[in-house]
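Just so it is clear: chains get the letters A, B, ... in the order the sequence lines come, proteins before strands, and each one is counted from 1. The model shown is predicted, which means the values in this text are computed figures rather than measured ones.
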Amino acid sequence: MEEYNHKKIESKSQKFWENQGLYRAKDFAKKPKQYILFEFPYPSGDGLHTGHCRSYIALDVAARKKRMEGYNVLFPIGWDAFGLPAENYAIKTGTHPQKTTARNIANFKRQFKSLGISLDWGREINTTDPKYYKWTQWIFLKLFEKGLAYQAEMPINWCPSCKIGLANEEVVSGKCERCGAEVKKKKLKQWMLKITEYADRLIDDLEKVDYPDRVKTQQINWIGKSEGTEIKFKIQSSKQDYIKVFTTRVDTIFGCTYLVAAPEHEIIKNQKLRIKNYKEVKKYLEKSRKKSDLQRTELDKEKTGIELKGIKAINPFNHLEIPIFTADYVLPHYGTGAIMAVPAHDERDFAFAKKYNLPISPVIQNKEIEPKAFTQDGVLINSGQFDNLFSKQARKRMTNYARKQGFGRETVNYKLRDWVFSRQHYWGEPIPLVHCQKCGIVPVPYKDLPIELPYIEKYQPTGTGESPLASIPEWVNCKCPKCGADAKRETDTMPNWAGSSWYFIRYADPHNSKALASKEKLKYWLPVNWYNGGMEHTTLHLLYSRFWYKFLYDINVVPQDEPYLRRTSHGIVLAKDGKKMSKSFGNVVNPDALIEKYGADSLRIYEMFMGPFEQAITWNSNGVIGAKRFLDKVWNIGIVILREPTGNARILRQSHNDKLERLIHQTIKKATEDIENLKFNTAISALMVLVNEMEKQKQKQLSLCDYQLLLKLLSPFAPHIAEELWHKSKNKKSIFEEQWPKYDPKLIKEEKITLVIQINGKVRDKIEVLADISEAEAKKLALKQEKVKKYIEHKPIKKVIFVKSKLINIVV
RNA sequence: GCCGGAGUGGUGAAAUUGGCAAACACGAUGGAUUCAAAAUCCAUUGCCCGCAAGGGCUUGUGGGUUCAAGUCCCUCCUCCGGCACCA
């Protein structure tokens with residue numbers, strides 16, 4: 001057996017494909033279209049690692065198969081190239097992000113090509129290209145025009161020593177990643193997008209699409225719609241002040257023994273003079289201000305809080321005066337920023353009440369509340385006129401009552417918050433707005449787009465929290481588009497998510513300078529048929545892009561209101577140490593060396609064979625050896641077959657021996673279905689079984705027809721070697737212009753099967769029988785078997801269970 | 001704390017969805033080939049008892065349903081992923 005020369009073959013096939021232009025998607029072709037998409041990569045300086053490759057290869061397998069099935073396939077790529085690492089690298093080294101990015105893209109491109117991914121390079125896009133971000137800015141202006149973009153004071157992470165705003169990622173346990181200083185919150189005016197306006201549609205329309213249940217569940221939970229009641233609690237001996245709470249359990253309100261307000265709640269400021277322990281309260285507020293939301297979350301084991309002494313709230317249902325606390329486990333941006341606490345029927349309240357020795361009064365009948373709160377629905381007690389009602393009914397009546405009395409109403413809350421769209425960074429799309437003293441905020445006219453990022457030499461932060469753009473007067477100073485007076489540009493840029501929220505739309509028509517894409521082309525290509533990406537993007541990117549797509553649908557730009565018909569997600573590839581592959585852990589496996597040593601086809605086969613695609617898996621480079629051996633086998637069978645004179649009867653024969661024919665058709669079925677269902681690993685193992693059988697028969701029974709069928713089935717996985725062997729068997733055209741094989745259901749059926757004989761559910765014997773044997777016959781045969789006789793002896797037969805063409809179970 | 005997913009040989013895993021547990025690979029051991037090695041080929045490879053024929057056990061734990069459970073139901077344990085304490 002000889003090894004095939006993968007280096008020679010792979011570069012030869014790659015050149016052939018490039019010359020043929022095989023993977024270029026044709027606009028408006030008559031064939032049915034198929035739009036296959038993976039999340040476009042951020043071109044980092046580390047290049048691709050074997051973890052990235054897995055999902056690209058998987059979609060490439062799908063794309064290649066779809067082409068052979070007669071589809072006009074769009075399989076595009078681009079670069080999500082704005083981002084923090086390039087900017088930080090620029091601050092450190094002075095190298096312009098544009099240069100770094102170009103260098104990284106060239107490296108990624110080389111790697112994609114060396115893997116043999118069948119991308120349409122004619123549609124490559126780059127989010128940092130002004131021709132592209134012109135349309136990102138255009139979409140922002142449309143959002144602004146429709147009132148979906150607004151400004152609000154929002155806190156950012158602020159490092160007082162670096163004098164720079166930090167991303168969450170740059171804050172490591174409350175400290176600045178670079179200098180270690182304590183990170184503070186700093187309030188800044190930020191641009192926000194009203195994604196909450198789309199919350200209901202983002203939930204409801206999930207019904208229209210084919211996403212895995214776990215993805216749908218995550219999105220629904222993230223949006224977190226909950227219907228409940230808002231109740232006003234008056235402050236005792238205060239005319240105007242009150243605290244509004246939101247609750248889904250208004251039925252338990254008679255058990256409310258205290259209120260908790262978020263540290264940011266205005267009541268603390270408003271009642272400052274009456275709060276007797278204000279000094280201590282202030283200390284608590286300062287402490288909690290230093291914590292991120294995440295830290296507040298992490299500290300759940302030790303719930304902290306402090307009573308606002310001197311003021312009391314009045315429960316409007318039973319007029320009891322109850323204490324008010326502030327605690328940082330209550331977040332300011334959910335609901336009303338304050339809660340009513342019912343320790344008897346809420347676990348968190350229960351723990352808090354125990355810690356601070358607060359009364360616990362049950363209002364649901366006959367339920368144990370020790371040692372744990374009873375949190376389910378039940379029949380009300382100690383609730384005045386609402387006694388004996390069941391929770392569900394009580395919620396309705398009590399909400400109605402509150403509305404009539406004017407201290408409450410039915411309301412809906414979402415966990416989802418509006419999208420903070422401003423970044424104080426250089427390397428992002430400039431927000432196309434102008435601040436004019438006279439006219440206020442003025443949008444840049446559409447004809448003046450794009451507002452290009454100026455090319456700068458210094459990336460140092462300004463120290464004021466503004467983006468580095470603020471320190472370029474030539475760029476900042478401009479004329480107001482409305483009145484012509486001196487004005488200043490907005491210096492905030494957009495987040496990374498902006499460009500990635502609509503890139504798949506641009507692939508339909510990437511060079512259009514008149515529109516983000518032409519209507520006709522959008523109609524032809526959209527929506528995306530199959531979108532694969534990581535679970536880590538299920539709640540942010542996926543939701544943001546669905547939001548933008550719906551908005552673009554509303555303003556009549558795109559033809560549907562859902563962008564992706566089918567979403568799948570790959571499991572991450574862990575490094576040998578069981579951790580995520582990451583440069584900081586130093587555990588990254590680069591595909592280049594593996595391609596050099598074993599070839600791209602072997603790497604591809606292993607990546608697909610290593611385990612179930614949707615499950616996380618640990619990388620092991622040794623596995624590539626098995627894949628290489630498999631391909632060597634395919635190569636060597638080919639050598640034997642192709643050496644035979646073409647006139648040879650055996651070689652020409654269409655039909656061969658029955659066993660092989662059956663196996664071939666079974667393999668076609670398995671491979672076809674498995675690829676569609678992301679079961680690449682079992683598709684390959686089926687191919688291995690077929691190849692092992694062909695190997696045995698290569699000298700006698702195997703025909704060229706059989707072998708070519710194998711090559712077609714193998715071609716999506718190992719395209720280079722399949723193409724080469726296809727050409728060796730006197731074909732001029734590409735194997736990818738061939739039809740995907742079809743199986744004959746009649747030929748799949750086994751004639752004979754092994755029938756399992758069980759006695760009392762234990763396997764005792766096996767017999768070869770015709771596949772369609774009847775129960776009576778099977779029973780007769782089974783009872784004749786020596787072993788069976790031995791186990792039955794003289795015991796009476798109680799029952800016989802017969803599963804057609806599988807087993808017979810005799811119960812004695 | 002909440003949500004989601006998963007626990008099967010030395011390793012990655014498979015199991016037609018309730019019907020022969022361990023397919024297909026990696027690794028290991030023995031043999032062939034070789035001056036030698038690599039590569040390749042052949043054989044063995046879940047565990048226990050047994051010289052053998054053969055028998056028993058086995059899918060994180062404990063229980064249940066069933067003629068039959070890796071698969072369904074309940075208990076507990078462990079690991080992975082996500083998170084913005086969702087009131």
Closest heavy-atom pair, Ser569(A) versus Gly534(A), reported as atoms and distance to 0.1 Å, is CB-C, 4.3 Å
Contact summary for Gly51(A) and Val573(A), nearest pair of heavy atoms
CA-CB, 3.6 Å
Let me know, please, whether Tyr414(A) or Val803(A) comes out on the 5' side of the other along RNA chain B by nearest nucleotide.
Val803(A)
By nearest-nucleotide position on RNA chain B, the 5'-leaning member of Asn681(A) and Ala338(A) is Asn681(A)
What nucleic acid atoms does Ile617(A) come within less than 4.0 Å of, heavy atoms only: base, sugar-phosphate, or nothing?
sugar-phosphate
Under 4.0 Å: is that the gap between some side-chain N or O of [X] and OP1 or OP2 of [N]?
X         : N       : value
Asn692(A) : rA25(B) : yes
Lys415(A) : rA84(B) : no
Asn809(A) : rG19(B) : no

Within this structure, what is the CZ-to-P distance between Arg249(A) and rA87(B), rounded to whole angstrom?
11 Å
Side chain of [X] only, please: which of [options] is the nearest?
X         : options                   : value
Ile801(A) : rG4(B), rG19(B), rC24(B)  : rG19(B)
Lys633(A) : rA25(B), rG4(B), rC67(B)  : rA25(B)
Arg417(A) : rA84(B), rC24(B), rC67(B) : rA84(B)
Arg214(A) : rA87(B), rG4(B), rC24(B)  : rG4(B)
Phe609(A) : rG56(B), rA87(B), rA25(B) : rA25(B)
Val756(A) : rC24(B), rA84(B), rC20(B) : rC20(B)
Gln758(A) : rG19(B), rG82(B), rC24(B) : rG19(B)

Under 6.0 Å between ring centres: does that hold for Phe352(A) and Phe325(A)?
yes
Do Arg629(A) and Lys633(A) make a side-chain contact, defined as non-hydrogen atoms from C-beta onward lying under 4.5 Å apart?
no
Does Arg629(A) make a side-chain donor-acceptor contact with the base of rA25(B), cut-off 3.5 Å?
no
Is it true that Lys628(A) and Asp601(A) have a side-chain N and a carboxylate O under 4.0 angstrom from each other?
no
